[in-house]
Student: 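Handing you this structure, nothing more for now.
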Protein chains: 2
Amino acid sequence: MGAGGGNQGRTLDRALDVLECLERARGPLRLSDIARETDLHLATTQRTVNQLVRRGYVQQGRLGYSLGPVVLGLAHGFVVNDRMSTIATPVLTELSATTRLTSSVFVRSGDERILVARVSGADPLRYQFPIGRRVPLDVGGGKVLLAAWPDEEIEDYVRRFPEVALASGRVQGERALMEDIRRVRENGYHLSESERELGALSLSVPVYDADKELAGALNLVTTTDVTSAEELLTWLPELSRGAGAIGARI
Amino acid sequence: MGAGGGNQGRTLDRALDVLECLERARGPLRLSDIARETDLHLATTQRTVNQLVRRGYVQQGRLGYSLGPVVLGLAHGFVVNDRMSTIATPVLTELSATTRLTSSVFVRSGDERILVARVSGADPLRYQFPIGRRVPLDVGGGKVLLAAWPDEEIEDYVRRFPEVALASGRVQGERALMEDIRRVRENGYHLSESERELGALSLSVPVYDADKELAGALNLVTTTDVTSAEELLTWLPELSRGAGAIGARI
DNA sequence: GCACCAGCTATCATTGAGTGATAGTTTATC
DNA sequence: GATAAACTATCACTCAATGATAGCTGGTGC
């Protein structure tokens, strides 16, 4: 929202605020809802929204406004071109074939991570269209992304997000997060249990490109009623090999 | 490009031009490439692109700029909320299960149609991530969308796109298109052979919502070496039933 | 090492596009 | 048929976008 203090590039920022407001919405929004949510004047909202409608980025229905099909066009453009997407997909396919588990790749985007590719395993998780989902960095596999940052940036992040409620019910504070990060740095992977989703089990490793720069993370996901944590951990070599294969080609 | 004559809402229009320019690009673009392509001043391009980078809609790599992962977030928001997407998916699943063919749904967006949902059949077509792909209206299944328009609008369309080269090599002019449209109106479906893709065979029907408004189109796709046109046509009742099921719930 | 070029960034005066207040119109609701 | 909600249209003001120009940075060839 309200892209910060600076007052430059206002028009575009506001339009993107509107789009992301609709992205978060669980259903159609009225003009006044968007105005309130984005903290814009109704007239400004109207002009912006109408323009987005004209371009197909927003569509108007009986109950309000929602995102339009043109945003799918952008996503298509991304998936077809992006190196991470195109390189990761065959690796995920192979990984899921050998492990029979769901595998996915996500990348950092600001203070979140975004799932950019996923291949389902033998017992498909019933997530509806997971690709593009935005997830926090301090939960589950996101920690392998955090762990790669310089300490200073991590502290900055923690200051902004001091704690988070996990799916297990536990509230994760700074100490717990830092401890997990320490372990990720030590072991090179993160094993998460019921952090983001109750009963979910995931094993994640970072993906580094040829210049040793963090490019994203790769993980295997399953559920506790199908696989045990120990069993999942046996796939670590396969997973690391996959991360290496992706990183080498980026 | 350059969203038309009017000179209002310039900033946003230009930013969207930049995004769509990157969507069409087959690889990373330099700042100057984007400026040339979108017909913007380099300084303006720079400001716009940097802003989009800040927001994650564009990413900068060694070889230039490309779309960023945040556009996937928008797509996710669309797919999760959009009635057509959510309602169509289970119908497509069922349709593909019974026919063993690939089924898909697309909707109109301006002078194009956009694939919003697809479920693969027994012989998956090797399209890479088809969802979100923009396709012309006057080729293949798009004709069932055109056929539902008032004559006046069709004439308008034909004036702008007088002819199109089909995959078969044939050039489709106004007469051929109008004849196809006439037949679609008469029969309620369109059977296309090697129009968009050589060897591709598709059977498409319109989807009307409860208010008898055109909401999109549903089709079955296969290839000539797997299925014959006659065989494909036998699935017309199933297809129509699917279209009815989707339309009723929208 | 130096000159050169491409790609990107920063600065700044000008101006016209975006802004927001208000009034008007359409559409739904009781 | 009155009332409200949702959206649209109008318009003067002003501040943010604009585009020309100059500056910076990193790579390449000689």
Side-chain angles (χ1 to χ4, degrees), chain A residues 1-19 21-22 25-68 209-211 213, chain B residues 1-19 21-22 25-68 81 209-213:
Chain A
M1 209 109 352
N7 218 11
Q8 211 166 25
R10 192 160 58 150
T11 314
L12 177 50
D13 258 329
R14 288 175 163 184
L16 299 181
D17 284 345
V18 168
L19 285 175
C21 153
L22 289 169
R26 306 155 313 279
L29 294 184
R30 308 249 70 143
L31 212 45
S32 50
D33 297 327
I34 301 175
R36 183 168 24 75
E37 196 79 16
T38 57
D39 212 19
L40 294 177
H41 189 113
L42 185 70
T44 306
T45 310
Q46 194 238 107
R47 252 177 288 119
T48 307
V49 168
N50 278 351
Q51 195 134 5
L52 290 170
V53 169
R54 243 170 272 143
R55 290 291 216 118
Y57 288 78
V58 171
Q59 62 190 169
Q60 182 171 19
R62 270 178 54 82
L63 301 98
Y65 298 93
S66 54
L67 290 176
D209 65 17
D211 305 336
E213 288 290 325
Chain B
M1 215 106 359
N7 218 14
Q8 212 167 26
R10 191 163 57 150
T11 313
L12 176 50
D13 257 328
R14 288 174 164 185
L16 299 181
D17 284 345
V18 167
L19 284 175
C21 153
L22 288 170
R26 306 155 313 281
L29 294 184
R30 297 267 134 193
L31 212 45
S32 51
D33 296 328
I34 301 174
R36 183 170 24 75
E37 196 80 15
T38 56
D39 213 18
L40 294 178
H41 189 116
L42 185 70
T44 307
T45 310
Q46 193 238 106
R47 252 178 287 119
T48 307
V49 168
N50 278 352
Q51 196 134 8
L52 292 170
V53 169
R54 243 169 273 142
R55 289 292 216 116
Y57 289 78
V58 171
Q59 61 190 167
Q60 182 172 17
R62 268 180 56 82
L63 302 97
Y65 298 93
S66 53
L67 290 177
N81 279 315
D209 66 18
D211 305 335
K212 314 287 185 197
E213 288 291 324

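Quick note on labels: first sequence line is chain A, next is B, and so on, each numbered from 1.
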Student: Write down the distance between CG (B:D13) and C1' (C:dG18), rounded to a whole number of angstrom.
Tutor: 13 Å
Student: Round to a whole Å and report the spacing from CG of B:L12 to P of C:dG18.
Tutor: 9 Å
Student: Heavy-atom distance under 4.5 Å between the side chains of B:T38 and B:T48, does that happen here?
Tutor: no
Student: Taking only N and O in the side chain of A:N50, is any of them less than 4.0 Å away from OP1 or OP2 of D:dC7?
Tutor: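 No, because none of the side-chain N or O atoms of A:N50 sits under 4.0 Å from OP1 or OP2 of D:dC7.
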Student: Please tell me if the side chains of A:T45 and A:Y65 come closer than 4.5 Å, counting only heavy atoms from C-beta onward.
Tutor: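 Contact flag for A:T45/A:Y65 side chains = no.
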Student: If you assign each of B:Q51 and A:S32 to its closest nucleotide in DNA chain D, which residue comes earlier from the 5' end?
Tutor: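 Whichever sits nearer the 5' end wins; that is A:S32.
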Student: To the nearest Å, give me how far apart CG (A:L29) and P (D:dA5) are.
Tutor: 18 Å
Student: In terms of side-chain geometry, is the basic nitrogen of A:D13 or B:R54 positioned less than 4.0 Å from the acidic oxygen of its partner?
Tutor: no
Student: Are any of A:T11's side-chain N or O atoms less than 4.0 Å away from OP1 or OP2 of D:dA17?
Tutor: yes
Student: In whole angstroms, how far is the C1' atom of D:dG23 from the CG atom of B:L42?
Tutor: 14 Å
Student: Rounded to whole angstrom units, what separation is found between the CZ atom of A:R36 and the P atom of D:dC7?
Tutor: 12 Å
Student: Is the phosphate of C:dC8, meaning OP1 or OP2, less than 4.0 Å from a side-chain N or O of B:R30?
Tutor: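 The answer is yes; a side-chain N or O of B:R30 sits under 4.0 Å from OP1 or OP2.
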Student: With the side chain counted from C-beta on, respond yes when B:V18 and B:L40 share a heavy-atom pair under 4.5 Å apart, and no when they do not.
Tutor: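 When only atoms from C-beta onward are counted, B:L40 and B:V18 do touch, with a gap below 4.5 Å.
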Student: Please compare B:G61 and B:G9 by the position of their nearest nucleotide in DNA chain C and report the one closer to 5'.
Tutor: B:G61
Student: If you assign A:Y65 and A:R10 each to the DNA chain D nucleotide with the nearest heavy atom, which residue ends up on the more 5' nucleotide?
Tutor: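 With A:Y65 and A:R10 compared, the 5'-side residue is A:Y65.
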Student: Could you check how far CD of A:Q60 sits from C1' of D:dA5, rounded to whole Å?
Tutor: 14 Å
Student: CZ of A:R47 to CG of A:L52: how many Å apart, nearest 0.5 Å?
Tutor: 12.5 Å
Student: Out of C:dA17, D:dT8, C:dA10, which nucleotide sits closest to the side chain of A:Q46?
Tutor: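 Output: D:dT8.
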Student: Are any of B:R14's side-chain N or O atoms less than 4.0 Å away from OP1 or OP2 of D:dG19?
Tutor: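 Answer is yes, contact under 4.0 Å.
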Student: State whether B:D209 and A:R62 are salt-bridged, where the test is any N-O pair (Lys NZ or Arg NE/NH1/NH2 against Asp/Glu carboxylate O) under 4.0 Å.
Tutor: no
Student: Between N or O atoms, less than 3.5 Å apart, protein on one side and nucleotides 21-30 of chain C on the other: list the pairs.
Tutor:
residue	atom	partner	partner atom	Å
C:dA21	OP2	A:H41	ND1	2.8

Student: Given atom CG of B:L31 and atom P of D:dG19, what is their separation to the nearest angstrom?
Tutor: 14 Å
Student: How long is the line joining CG of A:L63 and C1' of D:dA5, in whole Å?
Tutor: 14 Å
Student: Under the rule for side chain to side chain contact (heavy atoms under 4.5 Å, CB included), what residues qualify as partners of B:Q59, not counting sequence neighbours?
Tutor: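 With neighbours one apart ignored, the set is A:F78, A:D82, B:S66, B:P69.
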